[in-house]
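In what follows, a structure is listed as structure tokens, so that the remarks can point back to it.
Sequence lines set the chain letters: A, B, ... in the order given, protein chains first and strands last, and positions in each chain run from 1. Side chains are part of it too, since the values below use all heavy atoms of this structure and drop only hydrogens, waters and symmetry mates.
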Protein chains: 4
Amino acid sequence: MAGSMNKVILIGRLGRDPELSYTPNGQARAKFSVATDEGYRDRQTGQKVERTEWHNVVAWRQTAEFCGNYLTKGRLIMVEGKLQTRKWQDQNTGQDRYMTEIVADNVQGLDRAPDGQQAAQGGHQGGYQQQNNYQQQGQQAPQAQQQSYQQQNTQYQQQNPNQGQPQQAEEDLGPAFPSEASGMDDVPF
Amino acid sequence: MAGSMNKVILIGRLGRDPELSYTPNGQARAKFSVATDEGYRDRQTGQKVERTEWHNVVAWRQTAEFCGNYLTKGRLIMVEGKLQTRKWQDQNTGQDRYMTEIVADNVQGLDRAPDGQQAAQGGHQGGYQQQNNYQQQGQQAPQAQQQSYQQQNTQYQQQNPNQGQPQQAEEDLGPAFPSEASGMDDVPF
Amino acid sequence: MAGSMNKVILIGRLGRDPELSYTPNGQARAKFSVATDEGYRDRQTGQKVERTEWHNVVAWRQTAEFCGNYLTKGRLIMVEGKLQTRKWQDQNTGQDRYMTEIVADNVQGLDRAPDGQQAAQGGHQGGYQQQNNYQQQGQQAPQAQQQSYQQQNTQYQQQNPNQGQPQQAEEDLGPAFPSEASGMDDVPF
Amino acid sequence: MAGSMNKVILIGRLGRDPELSYTPNGQARAKFSVATDEGYRDRQTGQKVERTEWHNVVAWRQTAEFCGNYLTKGRLIMVEGKLQTRKWQDQNTGQDRYMTEIVADNVQGLDRAPDGQQAAQGGHQGGYQQQNNYQQQGQQAPQAQQQSYQQQNTQYQQQNPNQGQPQQAEEDLGPAFPSEASGMDDVPF
DNA sequence: TTTT
DNA sequence: TTTT
């Protein structure tokens with residue numbers, strides 16, 4: 001934890017609408033891919049070439065819901081997060097497989113949202129506690145999450161859960177680590 | 001807030017021991033300066049030149065206490081934070097004066113602490129809630145710190161203060177913004 | 001130079017059109033200010049507050065010309081650069097004065113340029129060698145720019161400006177360090 | 001190319017000595033893995049947990065040689081670079097496989113090198129042009145390195161490798177993109 | 001001094 | 001799979 005940094009910053013465009021889903025214990029999760037471009041001049045031909053890199057991003061909780069609700073295919077966004085590589089076994093071959101994702105803790109829309117879209121250029125810096133109280137209408141039927149009044153995006157970007165008293169409903173909150181939650185996936189991506 | 005980023009990352013050495021102090025309402029604040037070096041080759045002489053840049057850094061609350069307690073002159077550290085420029089009036093000339101600081105929200109020691117120093121290479125990522133509720137003893141006399149077990153770097157780097165019950169002692173908490181607190185300074189730096 | 005990092009990344013809006021000028025030896029220099037916003041919740045009132053931070057940015061050579069030619073007031077841009085603090089003496093009071101700037105080495109427009117503007121969303125990653133060999137016309141009178149076809153943004157973010165022919169006029173190139181060039185200013189900002 | 005950013009910054013420890021090799025056209029390439037740690041508190045047990053993330057890094061040319069020559073297993077380093085995902089086909093199953101790497105353009109040692117190691121804490125910021133014109137000796141047999149005095153971090157993070165003399169042997173330079181060169185690998189990692 |  |  002100390003003497004350590006794992007930081008990714010991307011600016012690029014969404015290849016598709018984010019996919020918002022909920023884990024069995026009600027965690028919102030959004031997945032999407034972001035294209036970054038890089039220009040260079042081919043040394044043989046001297047021509048300009050554009051190269052696109054695709055990045056798999058996953059966001060959790062309020063950040064996930066922001067992404068799922070406000071970001072759409074083609075939007076220019078900024079993503080700040082960390083690298084995380086998940087490992088799984090290929091069910092057919094038994095081989096180890098790996099997938100690297102950016103776990104986003106700050107996502108912002110940088111261009112104007114398409115017309116008819118509210119909260120257009122908003123951004124969101126996710127927090128553990130910052131989930132919304134969706135009452136089960138959508139994907140996967142999340143329950144609980146009764147804490148959506150919680151303030152978010154305070155100055156220090158951190159907050160203290162639960163000063164001096166037991167936190168209830170632990171079982172609703174899901175794993176503290178996205179990688180654990182994402183382990184619930186049958187198909188890794 | 002949206003479509004916005006203000007990010008600084010420094011790796012450099014402490015010019016002096018951090019100065020830890022407390023605002024009247026008990027906020028811990030650490031100030032220190034960090035040197036970064038940059039090498040370049042002088043185009044007239046062709047000689048290598050090293051240039052040092054000094055950065056003024058301020059940290060608050062638990063991050064401040066980490067800095068004040070564990071970092072010393074000469075240590076190599078990493079600072080992640082944001083830029084903030086304070087303005088004040090020169091008391092003699094009446095001129096506007098400005099000072100730019102990095103407000104650190106993540107500070108880590110990168111080298112081994114000197115012998116006899118514990119928690120050598122520790123780091124700290126400060127949080128709003130992570131303050132100690134100092135009861136106004138003023139400078140240099142913090143007691144208590146009864147919440148220091150809260151120093152944790154949870155996954156999302158944010159947490160929820162105070163789930164479902166009123167936060168007491170608002171008046172102890174100090175300004176939500178460091179810049180406001182730092183306005184209490186007579187001398188800006 | 002080693003064990004050192006001095007990195008700033010901003011996303012924000014231009015407060016005014018960049019000011020493009022040329023040093024006596026023909027260096028293009030652009031100055032502009034960028035606003036970043038930060039939202040937080042006031043702890044006394046519980047209300048959301050938006051706070052704007054202004055950043056002074058300076059760019060050099062091709063990056064400067066890109067800024068001067070394509071970026072305008074109100075544009076959302078990304079700036080990558082380093083912190084640099086210049087010191088000078090107040091001519092009246094004799095006091096030391098300081099000013100912190102971001103020296104940009106990568107600037108990109110993130111939103112659509114206003115109509116009638118070409119090369120709208122372009123970006124530029126400046127390079128030492130990417131300067132135009134202006135022949136000393138001094139401020140405001142650059143001619144030529146005969147090298148502006150030079151490829152930019154190569155893969156490694158560096159380029160060789162001088163493929164296969166000797167680089168002349170080293171003495172025209174100006175100081176290797178922007179801070180030295182900017183020392184030519186009478187008024188620091 | 002414009003409106004795009006693909007940036008990674010890591011601080012962590014080398015899992016092994018970097019592997020330095022040369023592509024058929026003489027490009028130096030170093031591969032290594034870096035561990036970053038992250039602490040969090042398990043929400044079920046309340047215990048502190050440390051989690052290690054491993055990152056695959058590749059560096060090219062002078063940066064590669066710096067890594068291969070001066071960095072060793074266990075060293076604390078800083079890596080700045082970009083994300084790149086390579087795709088290949090599994091030769092047995094025919095499946096598409098992916099591997100994500102950080103392509104480093106700036107690597108620095110942050111702690112003291114072990115005794116008997118020179119250039120201990122050095123760093124290197126690679127450049128396209130900073131290659132050594134290896135004359136095709138193939139793996140492990142670089143001679144010359146006659147340009148190694150060029151390792152400088154000039155102000156603009158770019159350099160002109162070719163001061164005053166023509167650059168020969170363009171055809172020796174290899175692909176402009178590391179990913180193309182790395183396509184020469186039989187085994188992807 | 002920008003913008004939403 | 002995005003966009004200019």
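Between the side chains of His124(A) and Gln108(A), no donor N or O sits under 3.5 Å from an acceptor N or O. In this structure, a donor-acceptor pair under 3.5 Å is present between the side chains of Gln95(C) and Asp90(B). The closest side-chain donor-acceptor pair between Thr93(B) and Thr93(C), if any, does not fall under 3.5 angstrom. Side chain to side chain, Tyr22(C) and Glu65(C) meet the donor-acceptor criterion of an N or O pair below 3.5 Å.
Atom NZ of Lys87(B) is separated from atom C1' of dT1(E) by 12 Å (rounded to the nearest Å). Atom P of nucleotide dT2(E) and atom NZ of Lys73(C) are separated by 5 Å, given to the nearest angstrom. As a whole-Å value, the separation of Gln108(C) CD from dT4(F) C1' is 12 Å. For the pair Arg13(A) CZ and dT3(F) C1', the interatomic distance rounds to 5 Å; values are reported in whole Å. Counting to the nearest Å, the P atom of dT2(F) and the CG atom of Asp37(A) are 12 Å from each other. Put simply, CZ on Phe32(A) is 14 Å from C1' on dT1(F), counting in whole angstrom units. Atom CG of Asp96(D) and atom P of dT1(F) are 13 Å apart (whole Å). Rounded to whole Å, the distance from NE2 on His124(C) to C1' on dT4(F) is 17 Å.
In this structure, the nucleotide among dT1(F), dT1(E), dT2(F) sitting nearest to the side chain of Arg16(A) is dT1(F). The side chain of Ser33(C) lies closest to dT1(E), out of dT1(F), dT4(E), dT1(E). Distance from the side chain of Thr52(A) is smallest to dT2(F) among dT2(F), dT3(E), dT1(F). Here dT4(E) is the nucleotide among dT2(E), dT2(F), dT4(E) with the atom lying nearest to any side-chain atom of Glu50(C).
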